[in-house]
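In what follows, a single structure is set out as structure tokens and then discussed.
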Amino acid sequence: MKDSKDIFKLEKEFLIQTYKRIPIEISHGKGVFLYSTDGKKYLDFFSGLAVNALGYGNEKLILAVEEQLKKYLHLSNFYVSKTQIELAEKLIKYSGLNEVFFANSGTEAVEASVKLIRKYAGPEKKIISFSNAFHGRTYGALSLGGKEKYKKQFSPLSPNIVQLEYNNLEQLKKNIDAETGAVYIEFIQGEGGITVASNQFVDTLIALKEKYNFILVADEVQSGIGRTGKPFAYNHYNVEPDLVIIAKPIGGGLPLGALIVNQKYSEVLSYGDHGSTFGGNPVSCAAGLTVIDEVFGKGIINEVATLGDHFISNLRKIQREKPDKISDVRGMGFMIGVELNEQCSGIIEKFRENEILVNCTHENVIRILPPLISKKENIDYFLNIFHAII
Ligand SMILES: *Cc1c(COP(=O)(O)O)cnc(C)c1O
């Protein structure tokens with residue numbers, strides 16, 4: 001394995017081809033930049049798909065991980081780990097909910113929530129999710145997903161799950177009733193194309209919840225931990241979810257996910273009902289404590305709110321100049337979608353030629369997920385390049 005060419009060839013030979021890889025070999029990262037082995041410096045507005053909130057090479061993060069590495073890497077959940085408890089306390093504080101179950105990923109935290117719901121509500125009650133929703137790839141989470149292309153070859157899926165159209169008030173009113181056990185929602189859909197829930201839609205959902213008492217689950221795997229300029233995307237609405245699911249950025253780049261539940265549902269799962277060998281790994285939790293301290297404690301979240309507004313309003317300016325190219329700009333904070341009138345794979349390549357990394361989702365939506373530490377100059381640089389290539 002001498003040069004990059006070999007690596008890309010061997011990747012095809014050795015790995016099951018479930019990912020279409022970007023043809024760049026990364027040597028290292030620093031701040032908001034990724035450096036490739038051929039000497040290029042990329043502005044990373046993809047940030048490991050909303051994972052690398054603190055960018056790369058964050059000194060505090062490295063120190064926290066190092067300190068925990070020296071104590072122990074793993075204990076097993078038969079033991080109490082102090083870092084895990086400290087992180088749970090912070091998550092409870094910032095979410096306003098009451099208890100935590102730690103997993104290793106988003107999809108696993110979703111699985112825990114599905115088990116909680118089935119145990120509480122029983123097998124008869126239906127679970128509602130929405131069109132274009134994304135909740136993960138394992139069977140329970142996949143069954144909740146709203147994109148046929150991810151599901152259609154993998155039946156049978158979990159029964160009694162019904163998908164309604166996102167942001168469609170009539171469908172909510174018609175389909176949510178006494179037989180509804182739970183509703184899963186991303187208040188801002190990620191994979192689904194950076195679509196924001198309308199206020200009327202959320203208000204209707206809240207009114208129906210008051211009437212029928214179903215469990216409201218906020219999937220904050222992508223939108224949580226400051227990404228939208230508030231701790232969680234649901235904080236943009238007047239709503240209190242019963243269950244909150246987080247993952248992507250919470251482990252600072254290490255695998256970690258969590259299900260956070262309110263008092264009412266904190267005793268549904270009991271001894272032996274659920275578990276995970278690695279869930280809540282102490283090194284991941286140590287990293288998580290640093291992420292929380294930096295994002296919530298050191299004001300990064302306020303920067304995200306202000307700079308996010310600046311970013312979005314300037315993208316809208318470009319849209320007004322190029323309405324034939326850009327059909328919509330939407331999002332909150334540093335979770336932004338630019339919908340094109342064409343597929344976005346071409347423009348993603350143009351960005352890459354200009355040493356900017358950004359993602360394309362839902363076929364025609366440029367998904368912009370900058371590290372939360374990004375500065376105004378990074379955003380203005382992106383805007384200039386975008387203006388030039390569109
Ligand atoms: C990424 C994602 C998941 C799945 O998380 P994994 O860690 O990849 O299993 C679930 N829900 C949402 C909203 C996501 O963006």
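When a ligand or atom number is given, it counts from 1 through the structure's own listing order.
Ligand 1 has an N or O atom lying under 3.5 Å from an N or O atom of Phe134, backbone or side chain.
The protein does not reach atom 8 (O) of ligand 1 closely, with no heavy atom under 4.0 angstrom from it.
Relative orientation of the His274 and Phe101 rings is tilted, given thresholds of 30° and 60° on the angle between their planes.
Of the possible donor and acceptor atoms, none in the side chain of Asn132 sits under 3.5 Å from a partner among the backbone N and O of Glu191. Gln189 places no side-chain N or O within donor-acceptor distance of the main-chain N or O of Thr195, the cut-off being under 3.5 Å. One N or O on the side chain of Asn77 and one on the backbone of Gly279 form a donor-acceptor pair closer than 3.5 Å. For the pair Lys40 (side chain) and Glu355 (backbone), a donor-acceptor distance under 3.5 Å is absent.
Listed by atom number, the atoms of ligand 1 under 4.0 Å from His135 heavy atoms are 10 (C), 11 (N). For ligand 1, the atoms lying closer than 4.0 Å to a non-hydrogen atom of Gln222 are 15 (O). Heavy-atom proximity to Asp219, at under 4.0 Å, picks out these atoms of ligand 1: 10 (C), 11 (N), 12 (C), 13 (C). Below 4.0 Å from some heavy atom of Ser105 lie the following atoms of ligand 1, by number and element: 7 (O), 9 (O). Each of the atoms 1 (C), 2 (C), 3 (C), 5 (O), 10 (C), 11 (N), 12 (C), 14 (C) of ligand 1 lies under 4.0 Å from some heavy atom of Val221. Less than 4.0 angstrom separates some heavy atom of Thr107 from each of these atoms of ligand 1: 4 (C), 5 (O), 6 (P), 9 (O).
Annotation: atom 6 (P) of ligand 1 to nearest protein heavy atom, Gly106 N, 3.5 Å.
Atom NZ of Lys322 is surrounded by 12 or fewer heavy atoms from other residues, nucleotides or ligands within 6.0 Å.
Proximity annotation for atom 15 (O) of ligand 1: of Lys248, Gln189, Glu191, Lys248 comes nearest, heavy atoms only.
Within the cation-pi definition used here (under 6.0 Å to the ring centroid, within 45° of the axis), Arg137 qualifies as a partner of Tyr150.
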